[in-house]
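Read the structure below first, then the notes.
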Amino acid sequence: MTGSAAADGQEAWPELSRSTLRDLERASGDLAASSVSEMERRLPWFRRMPADQRASVLLLIQNGVAGFVSWLDDPRQAIRLTAEAFRSAPKDISRWVSLRQTVELVRIALELFEQQLPRLAANDEERARLTEGVLRYGREIAFSAATSYATAAEARGAWDARLEALVVDGIVRGDAEESLLSRSSALGWDPAAEATVLVGNPPSDDPPAVVYEVRSRAARSGRPVLLSVQGSRLVVVLGGETDEGDVLGKIAEAFGDGAVVAGPTVASLAEAHRSASDALSGLRAVVGWPTAPRPVRSLDLLPERALAGDPEAEWQLVDRIARPLEEASGALLETVDTFLEVGGVLETCARKLFVHPNTVRYRLRRVTELTGRNAHDARDALVLRIALSVGRLAKARGLW
């Protein structure tokens, strides 16, 4: 060890003889070939790899042995040379060799080095140095490989996050179906899975914290999600059915303060723009219903959405309530109109219609069957009243 090396705080090692270093250089090819043979014998997945990929591993090992010899010849540059030699290699093979498999390859190569390299030593001191050198060099290789894979994982994560944001933004904008499906498939999303869009306020200004909060709750519910923070709102696309359990309520807990609106559940991601459009319309109108549940379905906000000028909400009120009541027999429209007009007093309604109260009860049950709205419920009564008004206005304009 030179004086400058000692000044750098490195431990003084006995120098290897030039003949031992030459023997190491000559043996590097055989060591690499022996390592690959041992990998083929012990690792079934390695045997199944194409020949060009196995050749890349062989070249990597040869470079590693050459770096090891350079390290032994000049220990002052050991760390730098080792890191540079092995930090770039996993970038080339990480696409077809996982980190776990890389660790297996490194372990087998180092075991072989530990067995064969000490035999090339001229004496016990050189043998001890070679043994300790293999251990130190192996540690550097392990750290370099782990760093490379971590860097690659971060890069893939950043790319996935950008791609996910593009998918969610495309759903909100109603982009072409083909681009959405291709991008979502790259993220592992099942294109045939049902989808529900939820919108609301993000829980914090820290995007990683938002992503963690949403994904952890979705994972506990066993559901896939796509999400994006778009300015002051959080958009979440939830995969799978929403009827079982309280899955929407669990996901809503990941949002910040304020209303959370869920659009309708659609058959696939290709139709998710409809869910997003209704959810965003509901988010703009939910201020008109201060006591709305959390989350609230956009379908339950049809009156507020219609009052806010959403033509889709107007059409749904007509199609779901006004039209079925007008087309039904049994004076249902007149009965529900009168019932609402008298403030929901059944006997008063019966007297105004000159019918028995049981007839009113029967007709109101039919109204509930046709529209899903119970006129006795205050909220449903409001929906019925606004739907009938919207229906009359639309009919007066000749829209139906």
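For the numbers below, each heavy atom of this structure counts, side chains included, while hydrogens, waters and symmetry mates do not. Counting begins at 1 with the first residue of the sequence. These numbers were taken from a predicted model, which means no experiment stands behind them.
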Salt bridge present between E213 and R220 (N-O < 4.0 angstrom): no

Nearest-0.5 Å distance that lies between atom CD1 in I386 and atom CG in L302: 10.0 Å

Full working for salt bridge (charged side-chain N to carboxylate O under 4.0 Å, His left out) between R107 and E104: CA-CA 5 Å; R107 185 179 66 246; E104 291 179 341; 5.0 Å; no

R366/E369 salt bridge by N-O under 4.0 Å criterion: yes

Minimum side-chain heavy-atom gap L227-R215 below 4.5 Å: yes

Residue pair R323 / D319: nearest heavy atoms and the distance that separates them: NE-OD1, 3.9 Å

Minimum heavy-atom distance between A394 and V318, given as atom pair plus value: CB-CG2, 4.2 Å

Sidechain-backbone polar pair: T359 side chain, V355 backbone, donor-acceptor under 3.5 Å: no

V336/L325 under side chain to side chain contact (heavy atoms under 4.5 Å, CB included): CA gap, chis, key distance, verdict: CA-CA 9 Å; V336 72; L325 287 179; 4.1 Å; yes

Shared hydrophobic cluster, L388 / L317 (ILVMFWY, side-chain heavy atoms < 4.5 Å): yes

Under 3.5 Å: donor-acceptor pair, side chain of S281, backbone of S277: no

Residue pair E241, T196: steps toward the side chain to side chain contact (heavy atoms under 4.5 Å, CB included) verdict: CA-CA 8 Å; E241 298 179 357; T196 307; over 6 Å; no

Joint hydrophobic cluster, I321 plus L370, side-chain heavy atoms closer than 4.5 Å: yes

Gap between atom CD1 of I108 and atom CZ of R42 - 0.5 Å precision: 4.0 Å

R119 versus Q116, side-chain donor and acceptor atoms under 3.5 Å: no

F255 and P295, any side-chain heavy atoms less than 4.5 Å apart: no

Side-chain touch V172/H273, heavy atoms, less than 4.5 angstrom: no

SB check R379 D300 (cutoff 4.0 Å): no

Test item: side-chain donor near acceptor, R297 and T242, under 3.5 Å: yes

Modelled atom types, side-chain donor and acceptor of E126 and S17, under 3.5 Å: yes

Donor-acceptor under 3.5 Å (S221 side chain, R217 main chain): yes

Presence of salt bridge, E304 and R284, under 4.0 angstrom: no

Separation of L43 CG from L105 CG (nearest 0.5 Å): 6.0 Å

Passing candidate, side chain to side chain contact (heavy atoms under 4.5 Å, CB included) with L226, options V236, V197, L238, V237: V237

Heavy-atom pair of closest approach, residues A262 and A279: C-CB, 4.3 Å

Candidate list V214, V260, V199, N201, test side chain to side chain contact (heavy atoms under 4.5 Å, CB included), partner L234, passing option: V214

Atom pair CG/CZ of L130 and R127 - distance to nearest 0.5 Å: 9.0 Å

Heavy-atom pair with the smallest gap, counting every atom of R223 and G239: CD-O, 3.4 Å

Salt bridge flag under 4.0 Å for residues E347 and R351: no

Worked check of salt bridge (charged side-chain N to carboxylate O under 4.0 Å, His left out) between R129 and E125: CA-CA 6 Å; R129 179 175 176 185; E125 285 187 351; over 6 Å; no

Single-linkage hydrophobic cluster W189~I251, side-chain heavy atoms < 4.5 angstrom: no

Co-membership, hydrophobic cluster, residues L299 and L384, 4.5 Å side-chain: yes

CG-CD1 distance between L166 and I171, expressed to the nearest 0.5 angstrom: 11.5 Å

Which atom of A375 lies closest to which atom of A381, heavy atoms considered: O-CB, 3.7 Å

Side chain to side chain contact (heavy atoms under 4.5 Å, CB included) evaluation trace for L346 with H376: CA-CA 9 Å; L346 190 121; H376 293 281; 4.1 Å; yes

Neighbour count >12 (heavy atoms, 6.0 Å) for atom CG, D205: no

Close side-chain approach of V390 and L393, heavy atoms under 4.5 Å: no

Set of residues satisfying salt bridge (Lys or Arg N to Asp or Glu O under 4.0 Å) with respect to R392, sequence neighbours excluded: D337

Note, V360 side chain near L364 side chain (heavy atom, < 4.5 Å): yes

Heavy-atom check, side chain of D190 versus side chain of P224, under 4.5 Å: no

Side chains of E194 and T265, donor plus acceptor under 3.5 Å: no

Polar side chain donor-acceptor pair, Q316 to E312, under 3.5 angstrom: yes

Cationic N near anionic O, under 4.0 Å, D23 to R26: yes

Single-linkage hydrophobic cluster, 4.5 Å side-chain cutoff, L31 and L59 together: no

Test item: V286 and R305 side chains (from C-beta on) under 4.5 Å apart, heavy atoms: no

Heavy-atom closest contact (P303 atom, V383 atom, distance): CG-CG2, 3.6 Å

Pairwise side-chain contact, L353 with T335, heavy-atom cut-off 4.5 Å (strictly under): yes

R41/E38 ion pair, N-O < 4.0 Å: yes

Working for side chain to side chain contact (heavy atoms under 4.5 Å, CB included), residues R373 and V367: CA-CA 7 Å; R373 302 292 177 173; V367 169; 5.8 Å; no

Point-to-point distance, once rounded to the nearest 0.5 Å, from OG1 of T371 to CG of D380: 7.5 Å

Check: P202 main-chain N/O paired with R233 side-chain donor or acceptor under 3.5 Å: no

